Amino acid sequence: MRLTRLTEKIKVLGITGCPDREVTGVNIDSRLIERGHLFFAVRGAQTDGHNYITKAIENGAETVILEEMPKEVAPGVTYIRVEDTGQVVGQVATTFYDDPSSKVRLVGVTGTNGKTTTATVLYDMFRFMGHKAGLLSTVTNYIDGKAYPTSHTTPDPITLNRLLARMADAGCEYVFMEVSSHSVVQNRIGGLRFAGGIFTNITRDHLDYHKTFDNYLRAKKRFFDSLPAGSFAVTNLDDKNGLVMTQNTRAMVRTYSVQQMADFKARIIESHFEGMYLDINGVEVGVNFIGRFNVSNLLAVFGAASMLGKRKEDVLVALSAMHPVSGRFEAITSPDGVTAIVDYAHTPDALDNVLRTIHGILGGKGHVITVCGAGGNRDRGKRPLMAQEAARQSDKVILTSDNPRFENPNAIIAEMLDGLDEDQRRNVLTITDRREAIRTACMMAAKGDVVLVAGKGHEDYQEIEGVKYHFDDKEEVNKVFGI
């Protein structure tokens, strides 16, 4: 593609070198540059792409978009200066890949909890209804049934547009994607055209990055502020910030709620570990999901599908056939009648939701043993809060290692213990080895008890000192249960 076309939608401050040439690829990673590529020198939180311009040119870059010119320019290379490189990556990538989001109906899901379940169930539902669809999620990316690995909740703009282009080429009509707060702030979704957006909820998370809750909230809200006229926004009235999210949007706003009147309303008729019977907008339906938080997720799905033009009856039939996402309130029952719940809950609010659900089903007839930890090099402030939630709603708690990353796991556990008083600590064990912690919890449980293994869910690894070692909570539970 010609350089003049790639830059026609961005504000250029200056050009050094040939103003128009053929560009064969675009990238923000100098290691992936090939002959004829354009390299973006992006200033990030950890590294500055300007430090890799020389390497990119050595690898074949013939065009560089940057904010600051180097002291020496390389012959035969075009330098394009802009005010903020990070802001133009998405626009240029969208142009290079021929505006792929305009060829599908793209729906973004944002919130602290429930993004993966909501986006994945929408993807599964629309394929169930006979449509080709794509999914961009924390767990895995899918192009009409074919899986592609993922490393971020929302990919960088170039990877994102490349995937969307492949989805469009594969005939996908709909694409459902998780939109993280990081991706909004870092302009990873810049240039994309959304048909709609969904807000699930917002509670404390990622304050290691955003610093304050207000910054975190504003990042989420920016997504809805950017939705175009003609799109839709489906928001959760049960979250006190549900209407805050949509107060400045140009999109058509619709609401959902379990607690109050809304466009999309549900109540739980009956609940078991195998599933629930719900009333959704006056119609009874059985689903394979558990917990009020999942009722909210399913309402978000119901609302979005309705806004995409699907008949209520067809959506409810499809909902009854859907199954939970891997590692999201996934129940495993032992031959002895002990139930283990493996869940991704890694925030205080998510832990509270899962434990409330377990108690609601048990009805006071069994004990709850919770195994949980907290991730390293992330928001430290939520560690004592998570321990408090676990201790408040569990008969026994085992604090253990999650993904310590570059922190000492025992130091993380110590910070969790700081949130507990003397009485709470009497019912808490600390077992750093996660495998041993899961085994101990399962061995402590008797018939009718529930073991909650929280924090990692679908993850099949444990990250320690920069290395990912295979570890799967479900596998460990199955070993102890002998199944």
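Starting from 1, each residue takes its place in the sequence as its number. Computed from heavy atoms alone, side chains included, the values below leave out hydrogens, waters and symmetry copies. None of these values were measured; they are calculated from a predicted model.
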Peer 1: Are any side-chain N or O atoms of N201 and backbone N or O atoms of N113, one a donor and one an acceptor, separated by less than 3.5 Å?
Peer 2: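 Checked: pair present.
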
Peer 1: For R218 and N215, which I'm curious about, is there any donor-acceptor pair between the side chains at under 3.5 Å?
Peer 2: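 There is such a pair (donor and acceptor under 3.5 Å, judged by atom type) between the side chains of R218 and N215.
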
Peer 1: Can you see whether K474 engages S326 through a side-chain donor-acceptor pair at a distance of less than 3.5 angstrom?
Peer 2: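 The criterion, which ignores hydrogens and geometry beyond distance, is satisfied for S326 and K474.
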
Peer 1: I'd like to know if E173 pairs up with K132 as an ion pair, taking the criterion as any Lys NZ or Arg NE/NH1/NH2 lying under 4.0 Å from an Asp or Glu carboxylate oxygen.
Peer 2: no

Peer 1: I'd like to know if the side chain of T116 pairs up with that of Y344 as donor and acceptor (distance under 3.5 Å, no hydrogens or angles considered).
Peer 2: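 No, because no side-chain N or O of T116 sits under 3.5 Å from a partner of the opposite role on Y344.
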
Peer 1: Do the side chains of K456 and D472 get close enough for a salt bridge, i.e. N-O under 4.0 angstrom?
Peer 2: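 Looking at D472 together with K456, the answer is no, because their closest N to O distance does not fall below 4.0 Å.
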
Peer 1: I'd like to know if R328 pairs up with D343 as an ion pair, taking the criterion as any Lys NZ or Arg NE/NH1/NH2 lying under 4.0 Å from an Asp or Glu carboxylate oxygen.
Peer 2: no

Peer 1: Test of understanding: with side chain to side chain donor-acceptor pair (under 3.5 Å), list the residues that count as partners of E415, not counting sequence neighbours.
Peer 2: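 Counting only residues at least two positions away or on another chain, E415 forms a side chain to side chain donor-acceptor pair (under 3.5 Å) with R380, R383.
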
Peer 1: Indicate yes or no: does K221 engage D225 in a salt bridge with an N to O separation below 4.0 Å.
Peer 2: yes

Peer 1: When the ring planes of F194 and F223 are compared, do they come out parallel, tilted or perpendicular, using 30° and 60° as the limits?
Peer 2: perpendicular

Peer 1: Please list all pairs passing the salt bridge (Lys or Arg N to Asp or Glu O under 4.0 Å) test where one or both residues lie in residues 384-395, with sequence neighbours left out.
Peer 2: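 Matches after skipping sequence neighbours: D352-R392, E389-R392.
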
Peer 1: Run through F128, Y142, F176, Y174 and flag the one making a ring-ring contact (aromatic ring centres under 6.0 Å, His included) with Y123.
Peer 2: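 Of the listed residues F128, Y142, F176, Y174, the ring-ring contact (aromatic ring centres under 6.0 Å, His included) partner of Y123 is Y142.
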
Peer 1: Taking atom types as modelled and ignoring hydrogens, do the side chains of H470 and Q462 form a donor-acceptor contact shorter than 3.5 angstrom?
Peer 2: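 Absent: no donor and acceptor within the cut-off.
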
Peer 1: Quick check: are there more than 12 heavy atoms from other residues, nucleotides or ligands sitting under 6.0 Å from CZ of R193?
Peer 2: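 No, the 6.0 Å shell around CZ holds no more than 12 heavy atoms from other groups.
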
Peer 1: Will you find, in the side chains of N294 and N297, an N or O donor that is under 3.5 Å from an N or O acceptor?
Peer 2: yes

Peer 1: Please collect all ring-ring contact (aromatic ring centres under 6.0 Å, His included) contacts where either partner lies in residues 249-275, sequence neighbours excluded, each pair once.
Peer 2: F264-F302

